[in-house]
Amino acid sequence: MENLLNLKSCSIEEIMSLLQEAEKCRQGNYMDSLKGKIVANLFFEPSTRTQYSFNTAEEKLGCKVINFNASSSSMQKGESFYDTVKTFSSFQVDAIVIRSSENEYYKQLLGKIKTPILNAGDGTKDHPTQSLLDLLTIYQEFHHFEGLKIAVVGDIKHSRVAHSNIEIMERLGMDVYCSGPQEFKDEEYRYIEFEKAVEEMDIIMLLRVQHERHEQAMKISKEEYHQQYGLTMERVNKMKKNAIIMHPAPFNRNVEIADDVVECEKSRIFKQIENGVFVRMAALRRSMRG
Ligand code: NCD
């Protein structure tokens, strides 16, 4: 059994092999290769893309799927997170996919739960399958990572997508910058002015403002945000010829991204969503191998 908790604990070789396997899934391989396995998706936080692309990946692999609903479960009677996960493990399902708002929730499960766990996002910390789908999208576009310039723009401080991506992208030799409002700054990273990033980067990765994780309301208004950091068509026209736009979604139209930029020629947003199914197929195969 193999957990997928974060990418920090995966070697570059392992990550490249997951991407290769995802690419094979994209070409139509491995359908029904996990026939008969049962997977439980335990989402303790709202999710559309991650939850249902795991669901789609599981179906393509031939798994049987249990989608847990916390609001109609015994959690309403006060049952804890640990006891809920332990219950699914006792059903002897073959893998458990978990999303939680608690950073490193999996630490309390390690050594106690034998079922492989796939982390579908923990608090502000990690989102390994999101990073894999982002990497796959970048690799399909540029065919390498080394030396690519990326700016991750927006609410860096509260974003597990940013934290997960920056670590692995730097390890892959990418030139990683951050940009965005002062109130969302994470001091440990290197920053670039947004207008400069637009002109110089190969990849602009936008983030949603993570309101649900804020202790206080955002200081900057939505209009000011759009004016200062929103990717508008005017800014897109200043990007390098082969540069691309990414966003993990959900996006807020006309806040971090203008309406007409969402599906513009440089946008790879729906390609990312497409790739999410294939990297999750690869990740599920890795966890249930053998
Ligand atoms: C992200 C998440 O939940 O971390 N979404 C996703 O998984 N595609 C980003 C977000 O919610 O802003």
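All ligand and atom numbering here is 1-based and tracks the order in the structure.
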Sub-3.5 Å N/O-N/O distance, R213 and ligand 1
no
Tell me whether the NZ or CZ atom of R99 lies within the 45° cone about the ring axis of F43 and under 6.0 Å from its centre.
no
Just which atoms of ligand 1 are under 4.0 Å from any heavy atom in R99?
2 (C), 3 (O), 7 (O)
Just let me know how Q51 lines up against ligand 1, side chain, backbone, both or neither, with a heavy-atom cut-off below 4.0 Å.
neither
Would you check whether P250 has a nitrogen or oxygen atom less than 3.5 angstrom from a nitrogen or oxygen atom of ligand 1?
no
Residue pair N67 / N41, side-chain donor-acceptor N/O under 3.5 Å
yes
Can you tell me which portion of Q210 lies within the under-4.0 Å heavy-atom range of ligand 1? Options are side chain, backbone, both, or neither.
side chain
Atom 4 (O) of ligand 1: closest protein heavy atom, distance to 0.1 Å, is R160 NE, 2.8 Å
Between D155 and R208, does at least one N-O distance fall below 4.0 Å, as a salt bridge requires?
no
Does a side-chain N-to-carboxylate-O contact under 4.0 Å join K149 and D175?
yes
Cation-aromatic face contact R285/Y30, 6.0 Å, 45 degrees:
yes
Looking only at N/O atoms, are Q130 and ligand 1 under 3.5 Å apart anywhere?
yes
Do H247 and I245 have side-chain heavy atoms sitting under 4.5 Å apart?
no
Is it true that the NZ or CZ of R26 lies under 6.0 Å from the centre of F278's six-membered ring and within 45 degrees of the ring axis?
no
With a cut-off of 4.0 Å, which atoms of ligand 1 are near a heavy atom of P248?
8 (N)
At less than 4.0 angstrom from any non-hydrogen atom of T50, what atoms of ligand 1 do you find?
6 (C), 7 (O)
Shortest protein heavy-atom distance from atom 5 (N) of ligand 1, along with the residue and atom involved:
A249 O, 3.0 Å
V161 neighbourhood, listing ligand 1 atoms whose heavy-atom distance to it stays under 4.0 Å
1 (C), 4 (O), 9 (C)
Atom NZ of residue position K86 - does it have more than 12 heavy atoms of other residues, nucleotides or ligands inside 6.0 Å?
yes
Residue and atom name of the nearest protein heavy atom (relative to atom 7 (O) of ligand 1), distance in Å to one decimal:
H127 NE2, 2.7 Å
If we count only N and O atoms by modelled type, under 3.5 Å, do the side chains of D134 and T137 hold a donor and an acceptor together?
no
Under 4.0 angstrom from ligand 1, any heavy atom of G121?
no
Ligand 1 to R208, heavy atom cutoff 4.0 Å, flagged ligand atoms 10 (C), 11 (O), 12 (O)
